[in-house]
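Numbers restart at 1 for each chain; the letters A, B, ... are given by sequence-line order, proteins then strands.
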There are 2 protein chains.
Amino acid sequence: MNPLALDEQLCFPFYAISREITRRYRPLLEPLGLTYPQYLVMLVVWEEEGQSLKAIGERLHLDSGTLTPLLKKLEAADLLRRVRKPEDERHIQIFLTDAGRALRKQAETVPLDLVRTLDVDEEDLQVVKAALNRLVMKMSDPD
Amino acid sequence: MNPLALDEQLCFPFYAISREITRRYRPLLEPLGLTYPQYLVMLVVWEEEGQSLKAIGERLHLDSGTLTPLLKKLEAADLLRRVRKPEDERHIQIFLTDAGRALRKQAETVPLDLVRTLDVDEEDLQVVKAALNRLVMKMSDPD
DNA sequence: TCGATTTAAATTGTATACAATCTAATTGTA
DNA sequence: TACAATTAGATTGTATACAATTTAAATCGA
C-alpha cells in the first residue's frame, strides 16, 4: 500500500469539498454581491453588532491580514462601518448600515438553497457531521 | 431557530477544517520546500509520469489558471519538467526530474506525521475518509 | 479542403489566506 | 511614573483559486 497515494490522503477530500462548496455558494451569493468569505463575515456581524475584528477573526479562524481588506471592501459596499472603539483605540468595532441590515432578509433563503444543491446521501451526511464535530473540537484545542 | 446562525451552517466546518489541515501540513512540508497544493500535485505526478496538466487538474479539481503557475514553480525548483506532447502540441506532459523522484522518499513519512498531529482514532479516520470520498465523487458529478 | 468549432494551456484580473513585520495604544511593573 | 512588554490592526509579500479571455493546435463538416 502506497502511503502517498492521493486516494489514501484524509486531508484531500476536505480541501476538495471545501472548494466545491464555495463554488456552489457563488451563484447563490452573486445576487447579494457577496463572496463566500464575505458572506461568513456578514453571518457573524448579523448575529451581533459592535464586535471587534479580533472577535470576528476568532469566530472564523481568520487573522487581520485577511479580515482588514475584506472588511474594508464590505465598508466600501456600504454594508457595514468600521469604527475605532473610544475606550480602547486599538480595537475597531463593526456596525451594520441600513443596507447591511436589509441584506439579511435577502440572505435568508441561501442556506436552504445551498443544501438543496448538495443532494447527498443522508447516511453519509450524519457520519460526516458527527465526525466533523469531533474533529473541530479536537483541532481547536491548542495541542 | 436562526437559519443564518454560523453554528447552523454545515459548510463552515469544511472551510475551517480544510484551512486548519493546511496549517498543520505547513511545518511538515516546509523541509521539503513544498506548499500543500504543490504537495498534492507531486502526489499525482509520483503516481504516474507523463500526465497532462488537464489530467492532473481533473484529479485535483484545479484548472489551468491555478496549475500553470504552480507547475512553473515546481519546474523552477527542478522537481519536474513541462514538455509539449509531440503528437498533440496543445497538451503539456509532466515528467519528474531526479530531484523530484528523490523527494518522494523524503515525503514518505508526511502522511503519518500529519495524522499524528490530528490526534484522532485511526479507525474513526478510515470511516470519515470513506464517507468524504463518496461525497467528493458525488459532488464532482455534473448534476 | 478550408473555414468553423473545439480543445488545452496560458494569461489577466480579482479575491482570498497567511506568515512576518510594523505601528500605535494600552498595560504591567520596577 | 518612565518604560519595557503586550495587544489589536494594518501592511507587505508570497501563494493559491477561479472566472473570463486569449492563443495556438487539432478536428469537424459542408
Side-chain angles (χ1 to χ4, degrees), chain A residues 12 14-27 29-30 33-42 50-77 81-94, chain B residues 12 14-27 29-30 32-42 50-77 81-94 140:
Chain A
F12 174 63
F14 279 104
Y15 168 77
I17 290 177
S18 173
R19 286 185 297 118
E20 176 64 30
I21 288 174
T22 303
R23 245 191 302 282
R24 291 181 186 222
Y25 266 109
R26 196 167 296 119
L29 294 176
E30 194 270 316
L34 295 175
T35 64
Y36 180 57
Q38 289 168 7
Y39 169 71
L40 290 178
V41 167
M42 292 307 292
Q51 292 183 81
S52 65
L53 181 153
K54 170 97 170 159
I56 295 170
E58 275 167 6
R59 203 74 196 289
L60 299 175
H61 311 292
L62 292 170
D63 68 8
S64 67
T66 302
L67 284 177
T68 295
L70 200 156
L71 287 167
K72 282 181 175 175
K73 256 170 231 153
L74 292 174
E75 185 174 45
R81 259 180 246 311
R82 298 155 60 254
V83 184
R84 286 283 164 185
K85 190 171 181 175
E87 313 93 276
D88 188 340
E89 297 266 339
R90 288 173 305 181
H91 295 74
I92 59 165
Q93 289 185 289
I94 306 301
Chain B
F12 173 64
F14 281 103
Y15 168 77
I17 290 178
S18 172
R19 286 184 298 116
E20 175 65 29
I21 289 176
T22 303
R23 246 191 300 283
R24 292 184 186 220
Y25 265 109
R26 196 166 295 118
L29 295 177
E30 196 269 316
L32 311 190
L34 295 175
T35 64
Y36 180 56
Q38 289 168 7
Y39 169 71
L40 290 178
V41 168
M42 291 307 293
Q51 293 182 83
S52 66
L53 181 153
K54 171 98 169 158
I56 296 170
E58 275 167 6
R59 202 73 196 289
L60 298 174
H61 311 289
L62 292 171
D63 68 8
S64 68
T66 301
L67 283 177
T68 294
L70 200 157
L71 288 167
K72 282 182 176 176
K73 259 171 228 152
L74 292 175
E75 185 174 45
R81 259 180 249 311
R82 297 156 60 253
V83 184
R84 285 284 162 186
K85 189 172 182 175
E87 312 93 275
D88 188 338
E89 297 265 342
R90 287 173 304 181
H91 295 74
I92 58 165
Q93 289 184 289
I94 305 301
S140 50

Where B:A16 and A:H61 come nearest, the two heavy atoms and their spacing = CB-CD2, 3.8 Å

Considering heavy-atom distances to DNA chain D, does B:D88 or A:T66 have its closest nucleotide positioned more toward the 5' end?
-> A:T66

Kindly say if A:R26 contacts the phosphate of D:dC18, meaning a side-chain N or O under 4.0 Å from OP1 or OP2.
-> no

Look at all strands and tell whether A:E87 reaches a base, only sugar-phosphate, or nothing, counting heavy atoms closer than 4.0 Å.
-> sugar-phosphate

Side-chain donor/acceptor of B:R84 to backbone N/O of B:R90, under 3.5 Å = yes

Output yes when at least one side-chain N/O atom of A:K85 is less than 4.0 Å from OP1 or OP2 of C:dA25, else no.
-> no

Integer-rounded Å distance: D:dT7 P and A:E58 CD | 12 Å

Output yes when at least one side-chain N/O atom of A:R84 is less than 4.0 Å from OP1 or OP2 of D:dA10, else no.
-> yes

Under 4.0 Å: is that the gap between some side-chain N or O of B:T68 and OP1 or OP2 of C:dA10?
-> yes

Euclidean distance, atom NZ of residue A:K73 to atom C1' of C:dT16 [Å, nearest integer] = 7 Å

State whether B:K72 places a side-chain N or O below 4.0 Å from either non-bridging phosphate oxygen (OP1 or OP2) of D:dA15.
-> no

Over how many whole Å does the gap from B:L29 atom CG to C:dA19 atom P extend?
-> 14 Å

Below 3.5 Å, does any donor atom in the side chain of B:S64 face an acceptor in the base of C:dA10, or the other way round?
-> yes

Using purine N1 to pyrimidine N3 plus N6-O4 or O6-N4 for Watson-Crick, or N1-O2 and O6-N3 for G-U wobble, each under 3.5 Å, what pairs with C:dA30?
-> D:dT1

Nearest of D:dA17, C:dT16, C:dA19 to any side-chain atom of A:P37?
-> C:dT16

Pairing of B:K72 and B:E75 as salt bridge, 4.0 angstrom limit | no

Contact under 4.0 Å: A:Y15 side-chain N or O vs D:dT16 OP1/OP2 | no

Atom-to-atom span, CG of B:D63 to P of D:dT21 - whole angstrom = 15 Å

Taking CD from A:E30 and C1' from C:dA15, how many angstroms apart are they, rounded to a whole number?
-> 15 Å

Could you pull out the closest heavy-atom pair between A:S18 and B:Y15, with the gap in Å?
-> OG-CA, 3.5 Å

Does A:S52 put a side-chain nitrogen or oxygen below 4.0 Å from OP1 or OP2 of D:dA8?
-> no

Closest nucleotide of DNA chain C for B:P69 versus for A:L62: which of these residues is on the 5' side?
-> B:P69

Hey, is the side chain of A:R82 poking within less than 4.0 Å of OP1 or OP2 on D:dA10, counting only N and O atoms?
-> yes

Between C:dC18, C:dT16, D:dA26, which nucleotide gets closest to the side-chain atoms of B:R90?
-> D:dA26

Should the pair B:Y36 and B:Y25 be assigned to parallel (<30°), tilted (30 to 60°) or perpendicular (>60°) ring geometry?
-> parallel

May I ask you to say whether A:R26 pairs ionically with A:E30, meaning some side-chain N is under 4.0 Å from a carboxylate O?
-> no

Considering all heavy atoms, the nearest A:Q38-A:G33 contact | OE1-O, 3.9 Å

Given D:dT7, C:dA19, D:dA25, which nucleotide is nearest the side-chain atoms of B:E89?
-> D:dA25

When the distance from CG of B:L53 to P of C:dT11 is rounded to whole Å, what number comes out?
-> 12 Å

Starting at CD1 of B:I92 and ending at P of D:dA26, how long is that distance when rounded to a whole Å?
-> 15 Å

Report which part of the nucleic acid A:L67 touches: base, sugar-phosphate, or nothing (heavy-atom distance under 4.0 Å, all strands).
-> nothing

In whole angstroms, how far is the C1' atom of C:dT6 from the NE2 atom of B:H91?
-> 12 Å

So does A:T35 get a side-chain nitrogen or oxygen closer than 4.0 Å to the phosphate oxygens (OP1/OP2) of C:dT16?
-> yes

If you check the A:L70 side chain, which of C:dT16, C:dC18, D:dA24 turns out closest?
-> C:dT16

